[in-house]
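Reviewing the structure listed below.
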Amino acid sequence: MWDRQVPELTRQWRVFRFDLPGHGGAPAYPAGSVADLAARLLATLEGLGVQRFGYAGCALGGALGIELALRHPERLASLALIAASPRFGTADEFRQRGVVVRTNGLDPIARSAPDRWFTGGFAAAQPAITEWAVQMVRTTDPGCYIAACEALASFDVRAELGSVGVPTLVLVGSEDQITGPAEARTLVAGIPDARLAVVPGASHLVPVEQPAAVTDLLVRHFSTAWQPVFETATGQTALPAVTAGPALAVTPPQPAPVAEIAPPVAAPQAPGRPDPYDAGIKVRREVLGDAHVDGVLAQADAFSGDFQEFVTRYAWGEVWDRPGLDRRTRSCVTLTALVAGGHLEDLASHTRAALRNGLTPDEIKEVLLQAAVYCGVPAANSAFRVAQQVVREETTPQE
């Protein structure tokens, strides 16, 4: 994606670029949060002796850049956010994509990539690049792709943009339908030292579609907006301007220093135990989806509100958040119990939850067959009708 920018950037700076886990042939160590990706990147850079740096990232890479600026400001000298957003769509959209990939593989996502990433004219005129985009997605590790979706689903820093304290370039294609000019203006409005560049005639992958414009903007930004070292960061210095060294070990080799993000590093655990309600509402949303939870909570009133708080705190915060069983197993248990009790309305929402928790349609079928033996054929017959409709709705790729 950065092939056309690297030669010009390496005239002034040492350039390091990396592959996300399971992408581009990198080892498949899934990372389910942007914070995890940031920790891995910093560990990799520390292994190379890099303490302070300028950063440019596109899409999920942009989210990673914002995370670095918010959580590790002493490491960042300048920031360029390309096709980025403080919140990428909704959590439900990305978790739904994970369900589709588990059921149908990456091929449907890969075939639709050019329509999402490029303008129609560019895709028609550049068939080789269009095919590259398709193959890039098709050859990604599915588990790592799903983890990347989960990372974007949980990423929301809209309330924190004012804490980004480095000079920031926000760059967006004028025709981007995913993270377009509106999202870019939200970033610029929230980040104190930010400026906007809208590249005409480009969609989501701006560095590929309009490489010369992006190269010029990055060179100018990193040449003029390099923030001095903080006084509190004694001993940390900016990267020297050196020529590109030999490539780091990756497959396949690239014309500039490249690596994958290193495997996970253990993060320190915060002391104490959070309020079960806080954990519960988080888990409830992750399992059932924002739309479902918002609908239930919106219907709560003075009569039912205490019950919803009770369910959130104890069912979701105390039980679903326990480490003894993974969420896949908890979904199996829940589906069986709902079949036994004949709770078909809840069965529909928990069939969706099971898909989001990683169960495949075939595994859900096996759970219902098992339930037919122990809960009765009539109960399972009704359950199959409900689950069949949910599976059809949830696993059909969106056009």
Side-chain angles (χ1 to χ4, degrees), residues 1-3 16-44 47 57-65 67 83 88-89 91 93-117 129-155 178 204-205 208 247-254 257-267 286 326-328 354-363 394-395 397-398:
M1 185 168 64
W2 300 102
D3 280 352
F16 173 86
R17 52 181 175 161
F18 58 88
D19 285 313
L20 294 169
H23 294 61
Y29 301 104
S33 71
V34 176
D36 189 1
L37 289 172
R40 296 189 193 189
L41 177 57
L42 290 177
T44 302
C58 182
L60 175 54
L64 179 49
E67 180 75 12
F88 290 76
E93 290 170 357
F94 281 100
R95 293 192 174 111
Q96 169 71 15
R97 191 180 296 182
V99 169
V100 170
V101 171
R102 273 190 207 96
T103 307
N104 303 291
L106 276 165
D107 189 65
I109 303 291
R111 285 187 280 106
S112 64
D115 292 337
R116 299 194 309 273
W117 291 352
I129 294 179
T130 301
E131 181 60 21
W132 160 80
V134 171
Q135 293 304 322
M136 179 173 67
V137 178
R138 187 172 281 152
T139 57
T140 296
D141 176 79
C144 288
Y145 184 92
I146 292 168
C149 289
E150 183 63 33
L152 287 176
S154 59
F155 183 77
I178 302 175
H204 192 56
L205 287 194
V208 176
L248 300 173
V250 312
T251 303
Q254 299 289 337
V258 183
E260 68 273 356
I261 297 182
V265 293
E286 289 173 353
D326 61 28
R327 290 185 185 176
R328 284 169 46 88
L355 290 166
R356 294 158 68 93
N357 283 343
L359 289 178
T360 66
D362 283 345
E363 289 171 328
E394 293 295 311
T395 63
Q398 300 298 311

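Counting from 1, the numbers follow the sequence of the chain as shown.
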Output yes when a side-chain donor or acceptor of N104 lies under 3.5 Å from a complementary backbone atom of T395, and no otherwise.
yes
Look at the side chain of S154 and the backbone N and O of A151, then say whether any donor-acceptor pair between them is shorter than 3.5 Å.
yes
Enter the distance from [X]:[atom1] to [Y]:[atom2] here, rounded to the nearest 0.5 Å.
X	Y	atom1	atom2	answer
L60	H23	CG	NE2	7.5 Å
I129	M136	CD1	CE	11.5 Å
D19	M1	CG	CE	9.5 Å
L64	C58	CG	SG	12.5 Å
D36	L41	CG	CG	11.5 Å

Over all heavy atoms of both residues, which pair between [X] and [Y] is shortest? Give the atoms and the distance, please.
X	Y	answer
Y29	R40	O-NH1, 2.6 Å
G358	E363	O-OE1, 3.9 Å
A63	V34	O-CG1, 3.7 Å
L37	P21	CD2-CD, 3.7 Å
I109	R97	CD1-CG, 3.7 Å

Indicate yes or no: at least one non-hydrogen side-chain atom of [X] is less than 4.5 angstrom from one of [Y].
X	Y	value
T44	F16	yes
F18	L20	yes
P361	L355	yes
R17	D3	yes

Partner residues of [X] under the side chain to side chain donor-acceptor pair (under 3.5 Å) criterion, sequence neighbours left out:
X	answer
E93	none
N357	S331
E150	R95
D326	T329

Partners meeting side chain to side chain contact (heavy atoms under 4.5 Å, CB included) with A147 (sequence neighbours left out):
P30
Sorted by first residue and then second, give each salt bridge (Lys or Arg N to Asp or Glu O under 4.0 Å) pair with at least one member in residues 99-117; sequence neighbours left out.
D107-R111, D107-R138
Quick one: do W132 and V208 satisfy side-chain contact (heavy atoms from CB on, under 4.5 Å)? Show the steps, please.
CA-CA 11 Å; W132 160 80; V208 176; 4.1 Å; yes
According to the interplanar angle, ranging from 0 to 90°, do the rings of F88 and F155 count as parallel (below 30°), tilted (30 to 60°) or perpendicular (above 60°)?
tilted
